[in-house]
2 protein chains.
Amino acid sequence: MNTSRRIRLRDIADRLGLSTSTVSLALRNHPRIPEETTRRVMAEAQALGYIYNRAAADLRRSHSDVIAVCLNDLSNPVFNEFLTHIEDELRQQGRTVFLGVAREDRALQNVFIRSALEYGVSGLLLCPCHGTTAGDLAAALPAHLARHFPCIAFSRAIEGARIPQFVNDDLEAGRLAARHLLEAGHRRICWLGGGQSTSTARGRQQGFVETLRAAGVPAPIICHGPTSRAFGHEAASRLLAGTKPPDAFACFSDLIAFGVLHACHTLGLVPGRDVSVVGCDDMEEAAYANPPLSTVRVDKGAIGRGAATAFLRMQAGEPIAPETTVIAASFISRATIRQAPFR
Amino acid sequence: MNTSRRIRLRDIADRLGLSTSTVSLALRNHPRIPEETTRRVMAEAQALGYIYNRAAADLRRSHSDVIAVCLNDLSNPVFNEFLTHIEDELRQQGRTVFLGVAREDRALQNVFIRSALEYGVSGLLLCPCHGTTAGDLAAALPAHLARHFPCIAFSRAIEGARIPQFVNDDLEAGRLAARHLLEAGHRRICWLGGGQSTSTARGRQQGFVETLRAAGVPAPIICHGPTSRAFGHEAASRLLAGTKPPDAFACFSDLIAFGVLHACHTLGLVPGRDVSVVGCDDMEEAAYANPPLSTVRVDKGAIGRGAATAFLRMQAGEPIAPETTVIAASFISRATIRQAPFR
DNA sequence: TGGGCCAAGTCAATCGATTGACTACACTGT
DNA sequence: ACAGTGTAGTCAATCGATTGACTTGGCCCA
């Protein structure tokens with residue numbers, strides 16, 4: 001009586017003088033089992049502290065309701081916002097999420113995807129980490145699997161990958177930032193952050209740069225770096241202390257913009273008066289920044305839920321084209337952008 | 001050839017004219033299998049795009065290397081810092097993390113724990129959400145399981161739970177905040193945030209209140225609320241606009257303190273001169289706040305790694321007492337606390 | 001010639017649940 | 001009296017890997 005191994009379906013059956021078949025069906029409320037029997041089975045399961053062995057069931061059914069969700073990183077809270085929308089959608093449909101965090105490290109991302117496959121998840125929702133390529137994906141998913149293994153990327157696109165993708169209109173996001181700064185009268189505008197290793201960073205920067213160019217404004221200062229307050233602070237401090245400092249900052253991410261605000265504060269500059277600052281993402285905190293941050297809103301709900309529902313439809317057998325769905329961005333004007341034209 | 005089901009161990013065996021036993025052993029580099037055979041098996045596995053079915057293996061072995069980690073929430077990035085330390089430690093020991101986020105919702109927390117059990121995780125590391133009780137835990141884990149199912153709480157303690165717990169010295173954290181504000185000459189100090197639903201909140205507030213009382217200072221204003229910038233901003237704005245405004249804020253969390261800084265800024269008050277603000281946690285961003293935030297450092301590494309290693313030792317059969325390990329806190333002085341005595 | 005031994009590998013039961021095919025039995029109507 | 005029908009439940013193969021016990025064949029040496 002001490003070898004307390006896990007209670008099995010079999011134990012309930014024995015105690016009730018039934019077969020495992022009956023218990024199995026009863027536990028899942030099969031109509032073939034009379035109510036009275038089902039009640040007895042349920043009661044006994046409860047009494048014994050029975051825990052359903054879903055792994056065994058999945059093995060037999062050759063199918064699982066677990067879906068892998070891999071996030072590039074969580075130190076930027078905006079990705080938690082994506083996750084929330086995705087989880088809500090999937091949970092509502094009875095799915096379980098196997099969550100991984102890659103910390104912007106392709107090796108960790110691969111380890112997670114591999115684990116997920118080995119544990120038999122039925123698909124993957126991926127916000128790819130820096131530098132992820134279509135080749136990485138192909139290497140992670142054997143060809144014969146790919147056919148029946150729904151895989152969708154969100155937030156960041158993987159170029160050339162033949163899977164459905166749901167991303168923000170990053171080109172337009174960059175354009176919106178540029179357009180509003182130009183309208184505010186700025187000409188010495190600096191682009192902060194991003195780089196070339198995500199579609200998001202490339203897109204936003206390109207939209208920004210081409211809009212300035214079209215307006216005939218001299219080539220902007222571009223300063224790449226990590227997506228953190230620290231980088232925004234350091235870069236803005238340096239630039240503002242230089243000769244010919246910029247009069248506006250367009251930031252790849254709100255997080256960077258927060259750092260810029262800090263730098264302004266330290267230097268005694270008031271954002272929205274002495275200098276303009278625009279972020280991107282519109283994370284929850286942006287409205288509570290000091291002062292409230294002007295930014296380009298990314299529709300995290302539309303992207304997250306869009307990816308999740310497309311995933312579920314794919315799994316249901318609906319043919320989903322391996323195309324990239326681009327969700328519209330919008331400008332949110334708050335205190336850090338100068339309202340009146342530049343003198 | 002189109003019924004592309006998953007490749008099995010068996011498929012490799014057939015193609016090589018071997019038995020599944022041999023292939024199974026070879027794949028795990030068993031010494032009984034000659035090198036040459038192992039190489040051929042590995043090569044064939046690679047060629048076929050074989051994916052190990054860990055769920056099947058775990059079923060047979062009646063054991064899994066997956067460990068559930070359940071976080072109360074992720075919108076506060078400090079919990080991601082705990083997670084990072086825990087994951088590092090567990091991954092290093094060949095474990096896989098099954099991650100859940102409860103969003104401060106006991107129902108979601110229960111759903112996750114249940115899922116984890118059903119999928120056969122071998123233990124649980126829990127940062128309990130608001131209001132979690134020893135009873136919740138008992139209800140989630142059948143008694144017969146509890147014996148062989150390592151379960152450890154971290155960051156927040158569950159009162160009365162007979163499991164090992166790793167937490168910050170929250171009483172001392174509250175005392176440190178109070179002591180430093182008193183030393184700076186403050187007497188009208190306000191406590192912001194927390195509440196009564198986590199050990200963290202209760203402990204910090206108690207340490208704070210009892211230190212003020214011991215110093216003979218009038219009972220502080222106490223203002224409970226959610227752990228967010230928004231709450232800090234709203235509460236501080238209201239209090240500072242009132243008659244007899246506080247001259248210092250001790251905040252349950254850095255996140256709240258950030259909101260307070262924002263409120264100060266809006267009202268034209270300079271933190272560290274006109275008013276002092278102290279946070280708690282020392283999250284990564286605290287040093288980059290505007291201005292840099294004085295705070296009580298919580299040793300997230302010691303807590304996270306402590307919990308993870310205790311967990312692993314428990315699993316290895318070492319007897320770990322169901323006691324609470326309290327990790328020391330320390331005060332980090334930055335710009336938001338007045339350095340000279342109050343005039 | 002044959003016993004002993006080793007190397008390389010196979011056999012078959014097993015983990016816990018699922019499910020299509022089947023049985024046992026009671027009742028009904030003619 | 002018995003075919004027909006329905007109800008409640010059982011049988012046994014199956015999912016994919018693991019592993020202790022066993023086999024097979026080759027070789028050595030007395």
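As judged by a 4.0 angstrom heavy-atom cut-off over every strand, B:Gly17 is placed among residues touching the sugar-phosphate backbone only. Residue-level contact check: B:Ile33 touches neither bases nor backbone, having no heavy atom under 4.0 Å from any strand. At a threshold of 4.0 angstrom between heavy atoms, the contacts of B:Arg32 include nucleobase atoms, whether or not backbone atoms are also involved.
Between B:Leu59 and A:Tyr52, the one whose closest nucleotide on DNA chain C sits nearer the 5' end is B:Leu59. If B:Ser19 and A:Ala57 are placed on DNA chain C by their nearest nucleotide, the residue sitting closer to the 5' end is B:Ser19.
Evaluated for a side chain to side chain donor-acceptor pair (under 3.5 Å) with A:Asp58, the options A:Arg60, A:Arg54, A:Arg61 yield exactly one hit, A:Arg61.
Contact between the side-chain N/O atoms of B:Ser21 and the OP1/OP2 oxygens of D:dT19 is not found at any separation under 4.0 Å. A sub-4.0 Å separation between OP1 or OP2 of D:dT19 and a side-chain N or O of B:Arg28 is present. The side chain of B:Thr22 contributes an N or O atom lying less than 4.0 Å from OP1 or OP2 of C:dT10. For B:Tyr50, no side-chain nitrogen or oxygen approaches OP1 or OP2 of D:dG16 to under 4.0 Å.
To the nearest 0.5 angstrom, A:Arg28 atom CZ is 9.5 Å from A:Ile33 atom CD1.
Across D:dT19, C:dA17, C:dT18, the shortest atom-to-atom separation from the side chain of B:Leu25 is found for D:dT19. For B:Arg8, the listed nucleotide lying nearest its side chain is D:dG16; candidates were C:dA17, C:dT18, D:dG16. Of the candidate nucleotides D:dC15, D:dT19, D:dG9, D:dG9 has the atom nearest to the side chain of A:Thr37. Ranking D:dA13, D:dT10, C:dA8 by closeness to the A:Leu18 side chain, first place goes to D:dT10.
A:Arg60 places its CZ atom 7 Å from the P atom of C:dT19, with the value rounded to the nearest Å. Following rounding to the nearest Å, B:Ile7 (CD1) and D:dC15 (P) show an atom-to-atom distance of 15 Å. Going from atom NE2 of B:His30 over to atom C1' of D:dT19 covers 9 Å, rounded to whole Å. Distance CG (B:Leu16) to C1' (C:dT10): 15 Å, rounded to an integer number of Å. Summarising the geometry, the separation between CZ on A:Arg6 and P on C:dC15 is reported as 14 Å, rounded to the nearest angstrom. One atom, CG of A:Asn53, and another, P of C:dT14, lie 18 Å apart when rounded to the nearest Å. Rounded to whole Å, atom P of D:dT10 lies 12 Å from atom CG of A:Leu9. Atom CG of B:Leu27 is separated from atom P of D:dT19 by 13 Å (rounded to the nearest Å).
Side-chain atoms of A:Arg6 come within 3.5 Å of backbone atoms of A:Tyr52 as a donor-acceptor pair (strictly under, hydrogens ignored).
In this structure, a donor-acceptor pair under 3.5 Å is present between the side chains of B:Thr22 and B:Ser19.
With hydrogens and angles left out, the side chain of B:Arg61 and the base of D:dT18 share no donor-acceptor pair within 3.5 Å.
Aromatic ring orientation, B:Phe112 versus B:Phe98: tilted (interplanar angle from 30° to 60°).
Under 4.0 Å is where a charged nitrogen must lie from a carboxylate oxygen, and between A:Glu89 and A:Arg313 no such pair does.
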